[in-house]
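Structure first, then comments.
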Amino acid sequence: MHNIKEIRNDFDAFAQALKKRSIDIDFNKLKNLDIQNRELIQKKETLEKKKKDISKTKDKSLFSKSKEISQSIVMINEQQSKIKSDLDKILSNIPNLPHDDVPLGSTENENIELTKSGKIPNFEFTPKSHYELGEKLGMLDFDLATKTTGSRFVFVKNKLALLERAISNFMLDIHTSKNGYEEISPPLLASENTMFGTGQLPKFETDQFEVKLDEGSGRKFLIPTAEVILTNIVKDKILDFKTLPMRFVASTPCFRKEAGSYGKDTKGMIRQHQFYKVELVSIVEQNNCLDELERMTNCATGILDLLELPYRKVILCSGDMGFSAEKTYDIEVWLPSEKKYREISSCSSCSTFQAIRMKARYKNSNKETLFCGTLNGSGLAVGRTLIAILENFQLKDGSISIPKVLRPYMNNLEKITLN
RNA sequence: GGAGAGAUGGCUGAGCGGUUGAAAGCACCGGUCUUGAAAACCGGCAAAGGGGCAACUCUUUCCUGGGUUCGAAUCCCAGUCUCUCCGCCA
């Protein structure tokens, strides 16, 4: 969320910066609400002061006057809180401003490739898709999932289930032992307020799975990414700058409705309602966001290097970035069956955007209270890593060789074969 | 599911109708002392919002929302959350 005080300072600059997002906002309305809001606050405060003074005198003859004032305060207060909530409503739906580094654009076609790494495999046969391979092995069962649950779910079985677990554990080990992240096993449900903090609510409610608990308890949502729950660790906190940066890693299932992606990636397990993801989150001093973004992105690509998977790094254009991000790198892995790169990680700096929503602050060395910077990135999406391994490490007979670094996690298995 | 207890500043924890924005301790910052550090002693230290170029000043905030009152952290009602005991259970 943006700070209205800062918007006020340079209203036109804000409107201009937001244009990069190609978002339609009624700026005049915003401006007017802010002015009205402050006028009413001033009115209210004048009356409150009067009332307070009367109370201090303890003069009985003034008590009735005080009562009158109370009534006017109630009325003004009603108006003011209405205006304030309208104002907040607009503010909470405005996305983060793109950083200057971010290229201008409206769709993914304007994203810019920065680097390419790894060697694209050269097959002597036509490479199969992950779902062909998985089904042939009898280890990916989409039909069964359709029977028990519905579309966009999958049963991962046998050695592929082991592979999935190995991927997860391998990534966690690297991030905790080499990259300095603290491992967390978090709740998979988040409260409404938590979802607001990272920006999933209110604007993207239709993408979320809501879960009904007992009557009376607040609304709960299945996390669409561990980012939500990990970032909110610092919600409502005022941290000491010495405790920063904080770095968390978790491997969790993620749940997404994928509303609006009907007909997209319907085959296979590219786009599922439920998938595992190893997520990285950093809480930093606000000036360190961009450095941390580079560091985090390197942590993600480091995994692909170790797995020997070919990938490229892309910087997202202004129109393709997520709601809370100021700058995002996507890491895309090569999929031989599609002959193209597909997203396997997305690393974003959210500047102070989420911290303002969460009220996550810290005291810097000058004892000033400032909003934290927050970052999140996949390190990596486990399901898509599984896909990438299947496709890139497939052999002519449909068996899969296991990347060397994963073998210790799989009883030194070298190959997944039909039987 | 049954029975209780609680929610106060960065943290711990007093207060239970009128200078209480809030005692005390810890943490933190500054100073004295010390070769340096520690200890000891002295001093400082909440957040949000409004007004002002600024010094500064005003308002709000003791879980949330209502109510009583001239006045509420303190009394009443509702809600949320947390904890303890019993039952059930991975």
Side-chain angles (χ1 to χ4, degrees), chain A residues 1-11 30-92 185-197 201 210-221 229 232-246 253 283 285-286 352 354-372:
Chain A
M1 193 140 82
H2 298 285
N3 193 337
I4 185 71
K5 273 166 136 178
E6 283 168 25
I7 297 177
R8 192 146 71 209
N9 275 342
D10 197 342
F11 213 89
L30 190 67
K31 206 171 190 172
N32 285 330
L33 284 173
D34 179 46
I35 291 166
Q36 287 176 54
N37 181 236
R38 280 183 295 152
E39 278 172 356
L40 288 168
I41 286 172
Q42 287 170 41
K43 257 194 202 172
K44 184 170 80 173
E45 291 190 348
T46 315
L47 292 174
E48 277 167 345
K49 173 90 170 93
K50 258 189 206 163
K51 193 177 148 185
K52 210 172 179 179
D53 289 341
I54 291 176
S55 179
K56 270 186 188 154
T57 64
K58 297 188 197 174
D59 180 348
K60 281 189 180 154
S61 66
L62 296 171
F63 285 178
S64 63
K65 172 80 179 155
S66 172
K67 222 166 180 174
E68 272 173 43
I69 295 175
S70 293
Q71 284 175 352
S72 338
I73 291 177
V74 169
M75 278 172 53
I76 293 173
N77 202 30
E78 238 165 66
Q79 290 176 47
Q80 190 259 327
S81 49
K82 172 80 174 65
I83 302 251
K84 181 70 167 50
S85 92
D86 287 351
L87 188 64
D88 284 343
K89 205 169 176 179
I90 295 179
L91 281 177
S92 59
S185 176
L188 304 180
L189 291 183
S191 68
E192 190 172 8
N193 189 259
T194 295
M195 295 285 278
F196 177 84
L201 294 180
E210 183 166 4
V211 173
K212 230 186 154 84
L213 292 191
D214 300 336
E215 287 303 327
S217 67
R219 300 178 74 190
K220 303 274 186 284
F221 298 84
I229 204 93
N232 274 281
I233 287 174
V234 295
K235 180 170 79 163
D236 293 323
K237 281 277 181 194
I238 302 181
L239 305 158
D240 190 320
F241 74 97
K242 286 173 193 155
T243 65
L244 300 175
M246 295 167 81
I283 314 295
E285 292 195 58
Q286 53 177 233
T352 57
Q354 293 179 323
I356 293 173
R357 296 170 86 94
M358 294 188 297
K359 299 188 174 58
R361 290 159 291 177
Y362 68 99
K363 283 202 192 291
N364 69 7
S365 50
N366 291 328
K367 297 177 78 176
E368 296 163 306
T369 306
L370 301 171
F371 285 106
C372 302

>> Can you confirm whether more than 12 heavy atoms, excluding those of A:K235, are under 6.0 Å from its NZ atom?
In response: yes
> So which one's nearest nucleotide on RNA chain B is more toward 5', A:S70 or A:I41?
Replying inline: A:I41
>> Can you work out whether A:R361 or A:S66 has the more 5'-proximal nearest nucleotide on RNA chain B?
In response: A:R361
[N] pairs with, by Watson-Crick or G-U criteria that keep both distances under 3.5 Å:
| N | result |
| --- | --- |
| B:A46 | B:U61 |
| B:C41 | B:G31 |
| B:G9 | none |
| B:A3 | B:U84 |
| B:A23 | none |
| B:U69 | none |

Using the [atom1] atoms only, state how far [M] lies from [N], rounded to an integer number of Å.
| N | M | atom1 | answer |
| --- | --- | --- | --- |
| B:G9 | B:U74 | P | 14 Å |
| B:A23 | B:C45 | C1' | 16 Å |
| B:G30 | B:U84 | C1' | 44 Å |
| B:G10 | B:A48 | P | 10 Å |
| B:A73 | B:G17 | C1' | 11 Å |
| B:U64 | B:A7 | C1' | 11 Å |
| B:G52 | B:C62 | C1' | 30 Å |
| B:C29 | B:A38 | P | 10 Å |

Check the interface with nucleotides 58-60 of chain B: list each N/O to N/O pair with the protein under 3.5 Å, or write none.
{"from": "B:U59", "atom 1": "O3'", "to": "A:E48", "atom 2": "OE1", "distance (Å)": "3.4"}
{"from": "B:U59", "atom 1": "O2'", "to": "A:E48", "atom 2": "OE1", "distance (Å)": "2.5"}
{"from": "B:U60", "atom 1": "OP2", "to": "A:K52", "atom 2": "NZ", "distance (Å)": "3.1"}

>> I want to verify a distance call: between B:C70, B:C29, B:A47, whose nearest atom is closest to the A:S55 side chain?
In response: B:C70
> Between B:C70, B:G49, B:C29, which nucleotide gets closest to the side-chain atoms of A:K5?
Replying inline: B:G49
Where do N or O atoms of nucleotides 51-54 of chain B meet protein N or O atoms at under 3.5 Å, pair by pair?
{"from": "B:G51", "atom 1": "OP1", "to": "A:R38", "atom 2": "NH1", "distance (Å)": "3.0"}

>> Quick one, A:I238 and A:K363 - any side-chain contact, counting heavy atoms below 4.5 Å?
In response: yes
> Between A:Q286 (side chain) and A:F371 (backbone), is there a donor-acceptor pair under 3.5 Å?
Replying inline: yes
